[in-house]
Amino acid sequence: MRYFNDEMIDSLGVDWHAAADVIDEAAQLLAAKEFAQPIKPYLRYGDSRNRIIAMPAYVGGEVDTAGIKWVASFPGNLEQGLQRAHSMTILNEAATGRPLAVFNAARISGIRTAGVSASVLRRYLSRDGLPDSWKVGMVGYGPIGRLHLRMIGELLGDRISSIVLYDLRGISLEDVPEALRDQVTVAASWQEAYKDADLFVTCTVSSEGYIDLAPKAGSLLLNVSLRDFTPDILDHTSSILVDDWEEVCREGTDIERMHLERGLQESETLPISDLTTEAMQALPSTEAVMFNPMGMAVFDIAMAAYYYRLAETQDVGLTLPD
Ligand SMILES: NC(=O)c1ccc[n+]([C@@H]2O[C@H](COP(=O)([O-])OP(=O)(O)OC[C@H]3O[C@@H](n4cnc5c(N)ncnc54)[C@H](O)[C@@H]3O)[C@@H](O)[C@H]2O)c1
């Protein structure tokens with residue numbers, strides 16, 4: 001069995017187009033129903049802010065791998081100088097259940113998350129009438145925000161005209177990739193990052209929605225942290241995308257609040273498995289497009305399987321004795 005940690009994953013690097021391809025393929029397998037994924041249980045005890053989530057899945061097609069991610073979120077860790085999220089992923093051989101690999105690596109989970117955003121962004125980029133130059137806004141600049149900025153830098157490249165970042169704890173420019181530093185402004189409020197953004201991303205740990213202003217018409221909102229918008233966003237857009245309605249319409253997410261307070265129904269949203277470029281094109285160009293991903297185990301297993309195979313070609317990882 002192979003073992004991987006963050007450092008080993010980092011040595012393999014991230015090709016964000018390849019990561020988006022992995023997610024595209026897994027989304028096609030979702031559409032073809034070549035997967036198994038029970039709803040994920042949340043383990044809670046003690047401080048209600050904390051949770052550990054079990055995320056099992058089987059991914060069919062050429063991926064043909066099973067596994068589970070076991071991901072712990074303890075927001076108070078940051079005050080103790082520890083990372084908020086710890087994540088272990090186990091891959092099993094599909095035919096026998098034999099464990100193939102274990103990833104003690106929050107990074108692989110982060111690459112999956114930004115990879116899902118990359119897959120949606122690429123489909124969004126196929127729309128007509130997009131701006132030549134892009135204003136990017138982001139709130140929350142922890143590990144997930146940083147991976148998103150790297151991904152956006154690669155996918156949008158020269159098209160980025162400005163990047164406005166806001167984090168409650170402040171942001172040091174040293175933590176911004178050098179190639180993007182000239183474009184970055186560190187804002188003093190979420191409003192500065194949000195207003196006028198063509199692409200806006202939430203990567204906070206907010207427990208309740210607070211964004212109550214209209215988004216820029218035609219913009220893309222990647223609501224990665226899921227609890228930043230008030231249900232009033234429905235006054236400004238009807239283009240609501242989700243990864244999976246059943247998963248995301250619970251646990252106090254913005255989608256659950258839109259459902260409970262504004263009557264949003266599953267049939268009024270578009271799941272990632274139906275998000276073809278044609279479906280993306282058909283969304284009204286005058287409205288923002290808002291993507292709300294709860295995080296799906298099939299994407300974790302597909303991404304870990306991709307890295308497992310990539311590591312084999314470069315002899316990265318450690319073999320553990322049986
Ligand atoms: N949807 C998914 O698939 C998915 C997957 C992984 C992580 N996430 C979510 O992404 C978020 C970020 O993850 P992380 O590991 O970077 O977390 P983190 O706690 O390490 O970092 C979060 C950052 O956001 C800042 N922040 C918190 N509240 C804020 C606010 N209201 N405004 C501005 N900044 C704020 C914090 O200061 C911190 O720097 C978490 O909410 C996590 O649950 C979502």
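Predicted model, so just to flag it, every value in this text is computed and none were measured. Order of appearance sets the numbers: ligands from 1, and atoms from 1 within every ligand.
- Those atoms of ligand 1 that come under 4.0 Å of a heavy atom in R169, given as number and element, are 36 (C), 37 (O), 38 (C), 39 (O).
- Counted by atom type alone, R123 and S119 present one or more donor-acceptor pairs between their side chains at under 3.5 Å.
- Between Y307 and L91 there is no side-chain heavy-atom pair separated by less than 4.5 Å.
- For the residue pair D254/N292, the side-chain donor-acceptor check at 3.5 Å is not satisfied.
- Using a 4.0 Å cut-off to heavy atoms of S225, the atoms of ligand 1 that qualify are 11 (C), 41 (O).
- For A193 against A187, the heavy-atom pair with the smallest separation is N-CB, 4.5 Å.
- By the 4.5 Å heavy-atom criterion applied to side chains, L241 and M280 are counted as neighbours.
- With a 4.5 Å cut-off on side-chain heavy atoms, Y141 and L149 count as touching.
- Nearest-heavy-atom check against atom 8 (N) of ligand 1 across V224, L226, I171 picks out V224.
- Ranking protein heavy atoms by distance to atom 20 (O) of ligand 1, first place goes to P143 CD, 3.2 Å.
- By the 3.5 Å distance cut-off applied to N or O atoms, V139 is not counted among the residues near ligand 1.
- Residue, atom and distance of the protein heavy atom nearest to atom 22 (C) of ligand 1 are C203 O, 3.7 Å.
- Between the side chains of R84 and S73, a donor-acceptor pair is found at a separation under 3.5 Å.
- Taking a 4.0 Å cut-off on heavy atoms, P75 fails to register as neighbouring ligand 1.
- Looking at V71, L78, T113 and measuring to atom 6 (C) of ligand 1, the nearest heavy atom belongs to T113.
- In the candidate list D167, D175, I53, D167 is nearest to atom 23 (C) of ligand 1, counting heavy atoms.
- One finds no salt bridge joining R146 and D167 here, because no Lys/Arg side-chain nitrogen approaches an Asp/Glu carboxylate oxygen to under 4.0 Å.
- For a threshold of 3.5 Å applied to N or O pairs, the pair formed by D228 and ligand 1 contains no separation below that value.
- If you check the side chains of T319 and R2, you find a donor sitting under 3.5 Å from an acceptor.
- Not a single heavy atom of S73 lies less than 4.0 angstrom from ligand 1.
- When only non-hydrogen protein atoms are considered, atom 42 (C) of ligand 1 lies nearest to R84 NH2, 3.4 Å.
- The pair D196-K216 meets the salt-bridge criterion, with a side-chain N (NZ, NE, NH1 or NH2) lying under 4.0 Å from an Asp/Glu carboxylate O.
- Between D322 and R98 there is no salt bridge, since no side-chain N of the basic residue sits under 4.0 Å from a carboxylate O of the acidic one.
- Contacts with ligand 1 closer than 4.0 Å are made by no heavy atom of A85, backbone or side chain.
- Side-chain contact check for T89 and R112: no donor-acceptor pair (N or O, by modelled atom type) lies under 3.5 Å.
- Closest to atom 43 (O) of ligand 1 by heavy atom, among R227, H148, R51, M294, is R51.
- In this structure, atom 31 (N) of ligand 1 lies nearest to the protein heavy atom L168 CD1, 3.9 Å.
- At the top of the distance list for atom 21 (O) of ligand 1, counting protein heavy atoms only, stands G142 CA, 3.5 Å.
- Counting heavy atoms under 4.0 Å from ligand 1, residue R112 touches it through the side chain alone.
- No part of E208 comes within 4.0 Å of ligand 1, judged by heavy-atom distances.
- Of all atoms in ligand 1, numbered sequentially from 1 with element shown, those under 4.0 Å from a heavy atom of P293 are 1 (N), 2 (C), 3 (O).
- Using a 4.0 Å heavy-atom cutoff, W190 is absent from the residues neighbouring ligand 1.
- Here's the thing with G145: none of its N/O atoms is less than 3.5 angstrom from an N/O atom of ligand 1.
- Of all atoms in ligand 1, listed by their number and element, those nearer than 4.0 Å to a heavy atom of G295 are 3 (O).
- Judged by distance alone, with hydrogens and angles left aside, the side-chain atoms of T202 form a donor-acceptor pair with the main-chain N or O of S225 at under 3.5 Å.
- Of the listed residues (D300, T204, N77, I144), the one carrying the non-hydrogen atom nearest atom 40 (C) of ligand 1 is T204.
- Shortest non-hydrogen contact noted between M88 and N104 is SD-OD1, 3.5 Å.
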